[in-house]
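Worksheet: one structure, shown below.
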Amino acid sequence: MGTPSKVAALMAVLLVLSGRLATATWCVARSDATQEALQTALDYACSAGADCAPLQQSGLCFLPNTIQAHASYAFNSYYMRKSMAPGSCDFSGTATIAKTDPSYGSCVYPPTPSSAGGTTPITTPSSGIASPPPFGGGLTPDNGMVPTLTTPPNSKAFSTSDVSRILHLNTIFIVFLFIF
């Protein structure tokens, strides 16, 4: 094993690396935004570059089928595809930056521009891609549809990018142990 000063240096490097990883941000819908404003912003995000395919009825982020949940996913996708540029998380005041990962269940919010497809624009609905599902129809169990949930369930699951970061840090740690 290394000397105490080498171990301290290793710990400092790991703290710096883990601090950089902990500064991830996401763009989500503001809870005080009106349904109408969110719908307008959601429509804009999906037509201007966000990946809204996961919001389709068969998508991993369709449920809960609420404007709030769908707007949050679309806003974050747009924000990431715009490389987290200043002003790309505003949507006329309906969005805000979050420091807590909003992912839940199988709906994983891309935490980085590279995991969101970078700045690659999506195809517009006029090319045959289905537009986001309609909202406001009030899905109820008696009409054969899935009822709308009011809040997404909290998930403690690790995303693929979280596991990748953890493995990367562990690899760095092991390399430093062998060096020192």
Side-chain angles (χ1 to χ4, degrees), residues 20-139 146-165:
R20 286 180 52 207
L21 295 175
T23 59
T25 60
W26 293 264
C27 181
V28 297
R30 292 176 52 104
S31 59
D32 61 347
T34 67
Q35 300 289 303
E36 295 78 20
L38 285 175
Q39 183 64 62
T40 300
L42 171 61
D43 293 342
Y44 172 79
C46 289
S47 67
D51 176 12
C52 294
L55 302 177
Q56 299 301 312
Q57 192 164 3
S58 61
L60 294 175
C61 299
F62 177 71
L63 293 177
N65 184 17
T66 64
I67 294 174
Q68 183 81 25
H70 287 210
S72 288
Y73 186 86
F75 292 175
N76 188 66
S77 175
Y78 180 89
Y79 176 63
M80 291 300 162
R81 286 182 168 211
K82 296 299 180 186
S83 299
M84 302 166 69
S88 63
C89 181
D90 182 59
F91 298 95
S92 298
T94 62
T96 189
I97 299 293
K99 293 182 180 178
T100 304
D101 186 352
S103 300
Y104 57 92
S106 59
C107 181
V108 178
Y109 283 55
T112 63
S114 61
S115 63
T119 57
T120 306
I122 62 166
T123 309
T124 60
S126 63
S127 69
I129 303 292
S131 60
F135 296 97
L139 300 178
V146 177
T148 299
L149 302 175
T150 55
T151 58
N154 292 329
S155 173
K156 304 283 184 192
F158 286 110
S159 70
T160 304
S161 62
D162 292 333
V163 172
S164 175
R165 288 183 207 150

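What you see below is based on every heavy atom in this structure, not just the backbone, and it leaves out hydrogens, waters and symmetry mates.
- What you find for F62 and Q56 is that their closest heavy atoms are CB-O, 3.1 Å.
- Minimum heavy-atom separation, C27 to A95: SG-CB, 3.8 Å.
- Rounding to the nearest 0.5 Å gives a distance of 11.5 Å between CD1 of I97 and CZ of F75.
- Residues S92 and Y44 are not in side-chain contact: their nearest non-hydrogen atoms beyond the backbone lie 4.5 Å or more apart.
- Under the side chain to side chain contact (heavy atoms under 4.5 Å, CB included) rule, R30 has a single partner from L38, T94, T96, which is T96.
- Atoms SG and OH, from C89 and Y78 in turn, are 10.5 Å apart once rounded to the nearest 0.5 Å.
- For the pair P113 and M80, the tightest heavy-atom approach, listed with the atom from each and the gap, is CB-O, 3.3 Å.
- If you check the side chains of Y109 and S72, you find no donor sitting under 3.5 Å from an acceptor.
- Evaluated for a side chain to side chain contact (heavy atoms under 4.5 Å, CB included) with Y73, the options L55, V28, L42 yield exactly one hit, L55.
- Note that the CG atom of L60 and the OH atom of Y104 stand 9.5 Å from one another [nearest 0.5 Å].
- Taking all atoms of both residues into account, the shortest heavy-atom contact from R81 to D51 is NH2-CB, 3.6 Å.
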